[in-house]
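We count ligands from 1, going down the list as the structure has it; atoms in each ligand are counted the same way. Position 1 is the first residue of the sequence; numbering continues from there.
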Amino acid sequence: MQPLVLYDIVSKLPGNNWSSNPAKPRFVLSYKDLPFVTLWVEYSDIPIAMKAIGAKPNKRPDGSDVYTVPVLSDPNTGALITDSLEIASYLDKTYPEKLVLPNNSEPLIRAFDFAHSCLLRPAIKFIFARCTEILSPASAEFFTKARSVYVPLPWDVSRDADWELLEKGYNTLYEWYQKTDGKWIMGDTFSHADIIVACDLLWYKRVLEEDEWARVSSWNGGKWAQVLADVEKECKLA
Ligand SMILES: N[C@@H](CCC(=O)N[C@@H](CS)C(=O)NCC(=O)O)C(=O)O
């Protein structure tokens, strides 16, 4: 089997990885024991690089086209897939030995993805601000322009209020977890919903200062550091 190719975003951090969306297919590929290589793209080069390989654009909320990463290329089938959820769906259909969207859960996991993002997006201005510090100047500028479409500027003016909002969001997520018997969102069944939660946590861990990550980790009895550790272990990334 030829290794699959995952397009991810380069950064100044050791080991590069930082962004939650490309982290999701990395977790899925590793969970499924599929061989893959990562190609690192500058944030500011995403449109040029993705157009060059013939990737399909994604859609902004207003319906306009935008080239995004992650993109997955599978030389074994010739498939070229844009979007983390489409990639998960493709990988489950093509390599069904271990599923991340089990028991026909894809519609509900798509709804969970949307709900999870709505829950946390209002609080992530200061995390976006921090992202600009780990990117090259050209990419930081591009990132600011691209992301301010979704989260209007300025990003670094209400840290205390944003921290409060983030904690409130995680309190709600904690309540959701309390409704299941196992350690995963779907009880004893591991799924892409857990990967979605973990990859946002990984994003904070990578881009925030150590004491800031310690603050997130301390909420809800240490739940979030535990979820990240559990998902990393399940996906053999720990
Ligand atoms: N729903 C998409 C979102 C992908 C996305 O927004 N990717 C960002 C990087 S994390 C991107 O490529 N943005 C480029 C832009 O907004 O111009 C997914 O899950 O793959």
Listed partners of Lys125 passing side-chain hydrogen bond (donor to acceptor under 3.5 Å, both in side chains), at least two apart: none
Non-neighbouring partners of Glu86 that pass side-chain hydrogen bond (donor to acceptor under 3.5 Å, both in side chains), sequence neighbours left out: Arg110
Trp155 side-chain N/O to Val151 backbone N/O, donor-acceptor pair under 3.5 Å: yes
Who clusters with Trp40? Use side-chain heavy atoms, under 4.5 angstrom, across I, L, V, M, F, W and Y, and order the result by chain and number.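 Val10, which link up through side-chain heavy atoms under 4.5 Å apart, make up the rest of the cluster.
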Taking only Lys NZ, Arg NE, NH1 and NH2, and the carboxylate oxygens of Asp or Glu, determine whether Lys32 and Asp92 approach each other closer than 4.0 Å. yes
Between the side chains of Lys205 and Glu232, is the shortest nitrogen-to-carboxylate-oxygen separation below 4.0 Å, so that they form an ion pair?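 Salt bridge absent between Glu232 and Lys205.
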Sort out the contact shell of ligand 1: every protein residue with a heavy-atom distance below 4.0 Å, listed by chain and number. Ile9, Ser19, Asn21, Tyr43, Ile46, Asn58, Val66, Tyr67, Thr68, Val69, Pro70, Asp83, Ser84, Phe142, Ala146, Arg147
